[in-house]
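First comes the structure, then the notes that go with it.
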Amino acid sequence: MPDLLTQFDPGKCGRFVLVMVMIGLVVRADGGTIRDDRSDADYLSLAAQSQFEPIGKLTLISTGSLICSGTLIAPRYVVYPAHCINQLTDPTTLGFEVGGVTYPVAEIILHPDWPAGNPNPPPTIEGNDIAIIRLATPVTGVTPAQRYRGTTDLGVTGTFVGFGWTGDGLTGQIPGTGGTKRAGENMLDALGSTLGISDNVILSDFDEPSSPTTSVIGAPLPLNLEYQLANKDSGAGVFIFEGGQWFLAGIGVFVVDYNIDEIISNYGDLSGATRIAPHVSWIDSVLCPADFNSDQSVNVTDLLDLLAAWGPCPAPCSEDINDDDAVNVTDLLSLLAGWGVCP
Ligand SMILES: [Ca+2]
Ligand SMILES: [Ca+2]
Ligand SMILES: [Ca+2]
Ligand SMILES: [Ca+2]
C-alpha cells in the first residue's frame, strides 16, 4: 500500500498550502524526528517509561508488518486513527502488539462521521479521524491509558509516543528507519481552525534550537526533547500530565510540509493529532453502551431506564443497544453483561 500524499486546496485551508502526509500505512516503522543537538538515547528512554506501555503496534498478522500505532484504553479496546485501515475491513487479518504479546482483533469500529473506504477524505472531516478496535481477548499485564476528559489540552506540553520513521530537524524523516518505540515532547500549540480544519485537531510545530524565526505557532523555542511526528507515526499516543496523572489527549494523524521545502518533518513543519476530549462521549458509548446516564457505571439506574423503554423503540433510542428498533431481552442481557464500572 503506498503512502498517501494529499495536496490540500489552498482555498479550503485559508492562506496555507499544505502538503499533508497521511502517516502510518503498511510498512515497518522508529518514532518521529528529533532535535539535531540531542541524543537519540534520551528519546528512547522517555518512550520506555511505564506510563507509555499502553502504546502498541497495530499489525498485519500474516506478515507482522506495522500498520499504525494504537493506544490501549481498556483491556479489550484500542484507539487509533480511522485512516489507517480504511481499506482493510476484515478484523481477523489484524493484531495488536503490546507488552510483547500480539492479540487478535475481533472488531473495527470507525467513528460514525468518518467516510469509510475513502483514502483521501476532505480536510473538513479530519477531526473525526479516530477509530476503535475491540480485541478478541483482553490484554493482561499492561495498564490501559486514561482518556482525557478535561478542557486544558491546549497550550500544554504533549508527549508523543510512536513507531514511525526518524531523522532529525535538519534531515527530516529518513525513509526506512522504523520499528522502534520513540517518544518526544512538543507544545500543543493551536487548534485546527488555525489551518482551516476542525478544532478536534490540535497542532504542534517543530521549533529549531538555533533559529527562533523557524517557529510557526506558539513559543519560538523548542522543548528539551522537542520532536515531530513522521511517516508511519499515525496513531502515536499524545499524552499530557495533569493533576499528577498521565492522560491520553490525542492520537497523531498527519504531518504537513509546512515550510514547503519537500523535506517532511524537519524544523518548521507542523503536525496534527485528533483530540480525545471531543470524542470521549463516543468512545464511552462504544466501550460501555448500557451506561445510559453517562455516570461511568452500569447499575440499577440504567436498568430502570431500559425497562421504562421496553418495547418498540425506533432510532434514536440509546436503550436499544443492538439497534434492532426494539428494547427487549437481548438488550437486557447486554446490559447485565456490562454490569458494574465501565471500562
Ligand atoms: Ca514546537
Ligand atoms: Ca519541510
Ligand atoms: Ca450509568
Ligand atoms: Ca434491541
Side-chain angles (χ1 to χ4, degrees), residues 5 7-8 16-21 23 32-38 43 154-160 165 167-175 183-191 194-195 202-231 238 240 250 252 254-273 285 289-290 292 302-303 305-338:
L5 197 68
Q7 180 76 50
F8 275 2
F16 301 110
V17 179
L18 302 179
V19 179
M20 173 185 274
V21 180
I23 45 183
T33 53
I34 68 173
R35 283 176 66 154
D36 68 291
D37 59 349
R38 289 290 183 274
Y43 291 85
L154 178 65
V156 297
T157 298
T159 303
F160 295 66
W165 290 357
D168 64 35
L170 299 175
T171 65
Q173 65 181 22
I174 300 169
E185 304 168 327
N186 212 327
M187 292 298 289
L188 305 177
D189 275 322
L191 297 179
T194 305
L195 294 184
I202 201 155
L203 303 167
S204 298
D205 67 345
F206 198 0
D207 290 295
E208 186 167 5
S210 58
S211 180
T213 56
T214 306
S215 175
V216 179
I217 46 176
L221 292 174
L223 297 176
N224 180 44
L225 293 181
E226 183 95 352
Y227 160 108
Q228 189 53 290
L229 294 173
N231 203 14
V238 184
I240 62 175
F254 64 79
V255 64
V256 174
D257 181 22
Y258 183 83
N259 56 9
I260 320 179
D261 60 1
E262 298 187 1
I263 300 171
I264 305 292
S265 304
N266 60 345
Y267 294 131
D269 283 345
L270 266 186
S271 65
S285 73
F292 307 127
D302 305 295
L303 175 61
D305 189 343
L306 183 140
L307 295 176
W310 199 267
C313 193
C317 173
S318 55
E319 294 84 359
D320 174 21
I321 297 170
N322 67 343
D323 290 327
D324 66 352
D325 292 337
V327 177
N328 53 30
V329 72
T330 311
D331 305 297
L332 176 60
L333 291 175
S334 179
L335 179 145
L336 295 175

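Counting convention: from 1, in listed order, for ligands and their atoms alike.
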Inset, instruction - Measure the CZ-SG distance between Phe292 and Cys317 for me, rounded to the nearest 0.5 Å. - result: 8.0 Å
Legend entry - Polar side chain donor-acceptor pair, Gln228 to Ser265, under 3.5 angstrom: no
Inset, instruction - Report the distance from atom CG of Leu195 to atom CG of Leu270, rounding to the nearest 0.5 Å. - result: 6.0 Å
Inset, instruction - Considering non-hydrogen atoms only, spot the tightest contact between Ala290 and Ile321 and give its length. - result: CB-CD1, 3.9 Å
Legend entry - Nearest-0.5 Å distance, CG of residue Leu335 to CG of residue Leu332: 6.5 Å
Legend entry - Residue pair Asp305 / Glu319, side-chain heavy-atom distance below 4.5 Å: yes
Legend entry - Gap separating the OG atom of Ser271 from the CD1 atom of Ile264, nearest 0.5 angstrom: 12.0 Å
Legend entry - Separation of Leu203 CG from Leu191 CG (nearest 0.5 Å): 7.5 Å
Legend entry - Heavy-atom side-chain proximity of Phe206 to Asp168 below 4.5 angstrom: no
Legend entry - Total protein N/O/S atoms whose distance from the Ca ion (ligand 1) is less than 3.0 Å: 5
Legend entry - Nearest heavy-atom neighbours spanning Thr214 and Glu208: OG1-OE1, 2.6 Å
Inset, instruction - Please indicate how many protein N/O/S atoms are found closer than 3.0 Å to the Ca ion (ligand 4), with waters neither displayed nor included. - result: 6
Inset, instruction - Among Asp261, Asp36, Thr33, find the one that has a side-chain hydrogen bond (donor to acceptor under 3.5 Å, both in side chains) with Tyr267. - result: Asp36
Inset, instruction - Could you pull out all residues at least two apart from Asp37 that satisfy salt bridge (charged side-chain N to carboxylate O under 4.0 Å, His left out)? - result: Arg35
Legend entry - Tally, protein N/O/S atoms nearer to the Ca ion (ligand 2) than 3.0 Å: 7
Inset, instruction - Report yes or no: does Asn186 contribute a side-chain atom to a donor-acceptor pair with the main-chain N or O of Asp205 at less than 3.5 Å? - result: yes
